[in-house]
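In what follows, a single structure is set out as structure tokens and then discussed.
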Amino acid sequence: MNRAQTTLRTSVSIEGVGLHSGLPVQAHFRPAPADTGFRFVRLDHKGLEIPARLSSASTFDYATTLATGGVSIGTVEHLLSAAAGEGLDNCIVEIDGPEVPILDGSALPFVRLYHAAGFERLDAAVRPLELEREVSIERGDRSIRYTPGGEGLTITYEIDFPHPTVGRQELTWAVRPEDYAARIAPARTFGFLREVEVLRARGLARGGSLQNAVVLDDQGILSGPLRFRDEFVRHKVLDLLGDLALLGRPLAGRILARKAGHALHIEFARLLEEALGSPAARVAAASPDRLRRARR
Ligand SMILES: [Zn+2]
């Protein structure tokens, strides 16, 4: 991961509806200097800034929400996953509503948007986060474990839903911009019809439809063909990468996640952050020499 930090070459915009609010929103992605990270700006709240950091992460109704001073921005994980997957480090996202648009339920529209803008290399190195020890969390049969080692980040995800279309799925993927767009980004969010009905009763999932999620009933899929046979586990990898982006810098090491979800992702990321702040942790920095090589 010895490369220069990046931002967008030019500003780009996208519009769509929020998954929960169902309201139309416009998002403008603007270039930002090195070490800005991702920051959301609520245009409809006097330009209040919400950093894409764990300290702002709040509620999780099948999505990750950030909040500062009582103002929130919801469903940030697909946009952040696309950035982490493609190697986009710094960006200001101005948005005129409470939620990032859900679009087709995957990260592919964000990848296309970033590619349309192009990437600009900045005069600062990416400093990956790396720990020297294991960190793990367990909640019944759900767990996530970090082990040090390897170049960059490798994610293994296992899910097991007692459903004829899903069942047990496992995927190991080394985070690489070269194949994020083909292997991970197109995987759509998924949900079970009965959960959708519960969310609707609570006034949520108003923007959810068969066009922006893989919806399952007890027998099969209501929303047409899958994009991958194992689209479900691929989307879990997508989500985890997006939630880990709240660490603020790319993580190096290996992660094994079993039957986890946003709430556990965030809890685990907080443990990692805590461990990174302790003396046992090590923060790897690219040397200027390596950076020069990466720029060629
Ligand atoms: Zn998702």
Side-chain angles (χ1 to χ4, degrees), residues 14 16-22 25 27 38 40 52 54 57-66 72-86 93 95 98-114 142 144 155-159 161 163 165-166 169 171 173 175 180-181 183-193 195-196 198-199 204-216 221 223 226-228 230-247 255 257-269:
I14 203 163
V17 299
L19 174 64
H20 286 315
S21 63
V25 274
F38 264 70
F40 294 91
L54 280 169
S58 65
T59 58
F60 327 98
D61 278 304
Y62 300 90
T64 299
T65 296
L66 306 172
S72 65
I73 180 79
T75 322
V76 297
E77 65 271 19
H78 300 165
L79 174 165
L80 293 175
S81 178
E86 292 291 323
V93 185
I95 195 154
E99 238 185 315
V100 172
I102 187 67
L103 306 169
D104 71 349
S106 81
L108 196 55
F110 296 111
V111 169
R112 292 196 175 127
L113 191 72
Y114 301 159
R142 301 161 182 267
I144 309 178
I155 296 174
T156 297
Y157 217 116
E158 294 173 23
I159 56 169
F161 287 93
H163 186 280
T165 315
V166 191
Q169 302 191 347
L171 179 71
W173 182 65
V175 178
Y180 177 80
R183 293 191 61 196
I184 304 299
R188 292 162 298 166
T189 197
F190 61 96
F192 296 91
L193 189 60
E195 291 173 354
V196 176
V198 172
L199 287 173
L204 298 169
R206 285 179 184 172
S209 74
L210 299 181
Q211 275 68 55
N212 56 33
V214 178
V215 181
L216 301 146
I221 303 171
S223 44
L226 291 174
R227 292 179 175 176
F228 306 96
D230 60 350
E231 185 166 357
F232 307 96
V233 75
R234 287 181 197 235
H235 189 81
K236 296 301 262 187
V237 171
L238 186 163
D239 275 343
L240 178 56
L241 190 61
D243 287 335
L244 289 174
L246 296 173
L247 287 164
I255 286 184
R258 283 198 180 103
K259 300 170 105 176
H262 290 299
L264 200 64
H265 295 168
I266 297 297
E267 213 180 327
F268 172 72

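Each ligand, and each atom within it, is numbered from 1 in the order the structure gives. Both backbone and side-chain heavy atoms feed into the values below; hydrogens, waters and symmetry mates do not. On a predicted model such as this, the values are computed, not experimentally measured, just so you know.
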His78 vs His235 aromatic rings, parallel, tilted or perpendicular, using cut-offs 30° and 60°?
perpendicular

What N, O or S atom of Asp239 is found closest to the Zn ion (ligand 1)?
OD1

With the Zn ion (ligand 1) as the reference point, give the N/O/S atom of His78 that is nearest.
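Of all N, O or S atoms belonging to His78, NE2 is the one nearest the Zn ion (ligand 1).
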
What residues form a ring-ring contact (aromatic ring centres under 6.0 Å, His included) with Tyr114, not counting sequence neighbours?
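Counting only residues at least two positions away or on another chain, Tyr114 forms a ring-ring contact (aromatic ring centres under 6.0 Å, His included) with Phe29.
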
N/O/S atom of Glu77 under 2.8 Å from the Zn ion (ligand 1), yes or no?
no

Got a sec: is His262 within less than 2.8 Å of the Zn ion (ligand 1) via an N/O/S atom?
no

Can you name the residues that form a side-chain contact (heavy atoms from CB on, under 4.5 Å) with Arg227, not counting sequence neighbours?
Asp104, Ser106, Pro186, Arg188, Glu231

When you compare the side chain of Thr165 with that of Leu226, does any pair of heavy atoms fall below 4.5 Å?
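Touching, per the 4.5 Å side-chain cut-off.
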
